[in-house]
Amino acid sequence: MLKIYNSLSGEKESFKPLIEGHVHMYVCGMTVYDFCHIGHARVMVAFDVVSRYLRQKGYQLTYVRNITDVDDKIFKRARENDEPYDQLTQRFIEAMHEDEKALSVLPPDLEPRATAHMDQILEMVQTLIDKEYAYCAKNGDVYYRVDRFADYGKLSKKNLEDLRAGERISVEEAKENPLDFALWKAAKEGEAAWDSPWGRGRPGWHIECSAMSTSCLGHTFDIHGGGPDLKFPHHENEIAQSEAATGEDYVKTWMHAGAVRVDNEKMSKSLGNFFTIREVLQKYNPEVVRYFLITSHYRSHINYSEDNLRQAQQALERFYTALRRNPVVTGDVPSDSELLDEYKKRFAEAMDDDFNTPEALAVLFEIVREINKASVEAKSLIILLRELGAVLGLLQQNPEQFLQGYEQNQGITAEEVEVLIALRNQARADKDWAKADQVRDQLQVAGIVLDDGRGGTTWRRSAE
RNA sequence: GGCGCGGUAGCAAAGUGGUUAUGCAGCUGACUGCAACUCAGUCUACGCCGGUUCGAUUCCGACCCGCGCCUCCA
């Protein structure tokens, strides 16, 4: 039985979809005005694992992840670049797709964009005005009337008095209440704008997610996910909008990923410790990055550091070394073995426990040991390892490619390595150990580790 | 100030009221020309103080420390 920690209740709950066998999931995607950073990667990978596991469990899944392509930051960046805003967003959408593909993040089923859902947005704003949950202010903005929604704060466990006490925003006098938030913003000179009953303008940040999730998945759906900093105010406001508009529950299970830190500091542009996915991929194999992101539980904060990435690299070397020494095999996992069934069961138990990937990885390492122990026939274990690895989006590469191939690190070519190995093996045949060792040392300096196996010498590029 | 999260061995990271997490690193042995890989064994733990219990890292309470959100942010 799958259990998921629900941010709304603060507890792990047994998961039961509203429609038996079918899961509807919405995850807040990115605002496309810059390259994705590793915080985005963490959310992408976390929910990619969730989606893979739900499907593996046999659920039919509709996975929606939006793209925010209307936003102040987008307009600001477009102005700075002197570039049409929609050209800017298109560029970064393409970059995002490249990053995802590199990290083996499967595309969601639907990827709605705010600009393509204006009708639904306008409709929801109108409904909120009709129900008096929203009002059109003197400045042309439409605001949500926060104190009309009794449950406001139920997700982030805040109440209106506390929020008022911690008030730090400059007060917008057009608002009835400083905590009211914008559903629709009046157009500014030179910025993209859409027609509406309240004048030309553009949607506020929160309304698009309410409108798109509702139109893609219905009034109430199973899972809504996102980054840790979206819980308040973004998700809180989504609840307020959607539940006021539909009169029904918005989401059953809220999931929030943990934060990414860099060298134990909050990742931020002002600290200059901001890493984009593509920067990181300059240095590390994408699978290493993905592995690193799932070595912690998805709800824990995770610390990006050179040391941790190197450890991830070494851990994957163990997996691929085991896979390399055995012939490539494919097929279904035979279920005639108690041992195999036991591993499958323990993997499933780990994943059923709120997607406990560290525990699941521990099971995979035990399979590796078993493969390494089996001197002759490890075929079914290898098939199992790759099958379970696929649920985590790992271990699908050719072992040689992983161990030898990551181009970015190359200081020496594979051909040069082969030449030196041949040279060394001749020296070994001549029992000229000094020369053989000298060649091996030379390769080691270049980051190449040799392995004189029964079937000849193999090599790999090592993480230091 | 309000709300919330966490402190596990050298590093990373799960978990459990009593029995080996796991990976990397270290040490010993086997294997190897020597290594590497691998296997076997092994050393480093559960922030501090009380309480409950036959027994707590695991439950309860206090304390110390770190962090997040409350403002755009995944």
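In what follows, chains carry the letters A, B, and so on, assigned in the order in which the sequence lines appear, proteins first and then strands, with residues in each chain numbered from 1.
- The side chain of A:Arg261 contributes no N or O atom lying less than 4.0 Å from OP1 or OP2 of B:G66.
- Taking atom P on both nucleotides, B:C60 is separated from B:U52 by 16 Å, rounded to a whole Å.
- Ring planes of A:Phe92 and A:Phe35: perpendicular class, angle over 60° (limits at 30 and 60°).
- At least one side-chain nitrogen or oxygen of A:Lys266 sits closer than 4.0 Å to the OP1 or OP2 atom of B:C69.
- Phosphate contact (OP1/OP2 of B:C39, side-chain N/O of A:Asn372, threshold under 4.0 Å): present.
- Residue A:Gln311 places a side-chain atom within donor-acceptor reach of the base of B:G23, judged by atom type and a 3.5 Å distance cut-off alone.
- Using a 4.0 Å heavy-atom criterion, one finds that A:Lys157 contacts the sugar-phosphate atoms exclusively.
- Ranking B:C73, B:G23, B:A14 by closeness to the A:His297 side chain, first place goes to B:A14.
- Classified by interplanar angle (parallel below 30°, tilted 30° to 60°, perpendicular above 60°), the ring pair A:Phe47/A:Tyr298 is tilted.
- Neither OP1 nor OP2 of B:C37 sits under 4.0 Å from any side-chain N or O of A:Trp459.
- On a pure distance criterion of 3.5 Å, a polar donor-acceptor pair joins the side chain of A:Asp452 and the base of B:C34.
- Between the side chains of A:Ser7 and A:His256, at least one donor-acceptor pair of N or O atoms lies under 3.5 Å.
- Using N1 to N3 plus N6-O4 or O6-N4 for Watson-Crick, or N1-O2 and O6-N3 for G-U wobble, each under 3.5 Å, B:C67 pairs with B:G4.
- For the residue pair A:Glu243/A:Tyr152, the side-chain donor-acceptor check at 3.5 Å is not satisfied.
- Considering only side-chain N and O atoms, A:Arg318 lies nowhere under 4.0 angstrom from the phosphate OP1 or OP2 of B:C37.
- Comparing the same atom, C1', in B:A9 and in B:U44 gives a spacing of 5 Å after rounding to whole Å.
- A donor-acceptor contact under 3.5 angstrom links the side-chain atoms of A:Asp437 to the base of B:G33.
- When the side-chain nitrogen and oxygen atoms of A:Asn159 are compared with OP1 and OP2 of B:G2, none of them lie within a distance under 4.0 Å.
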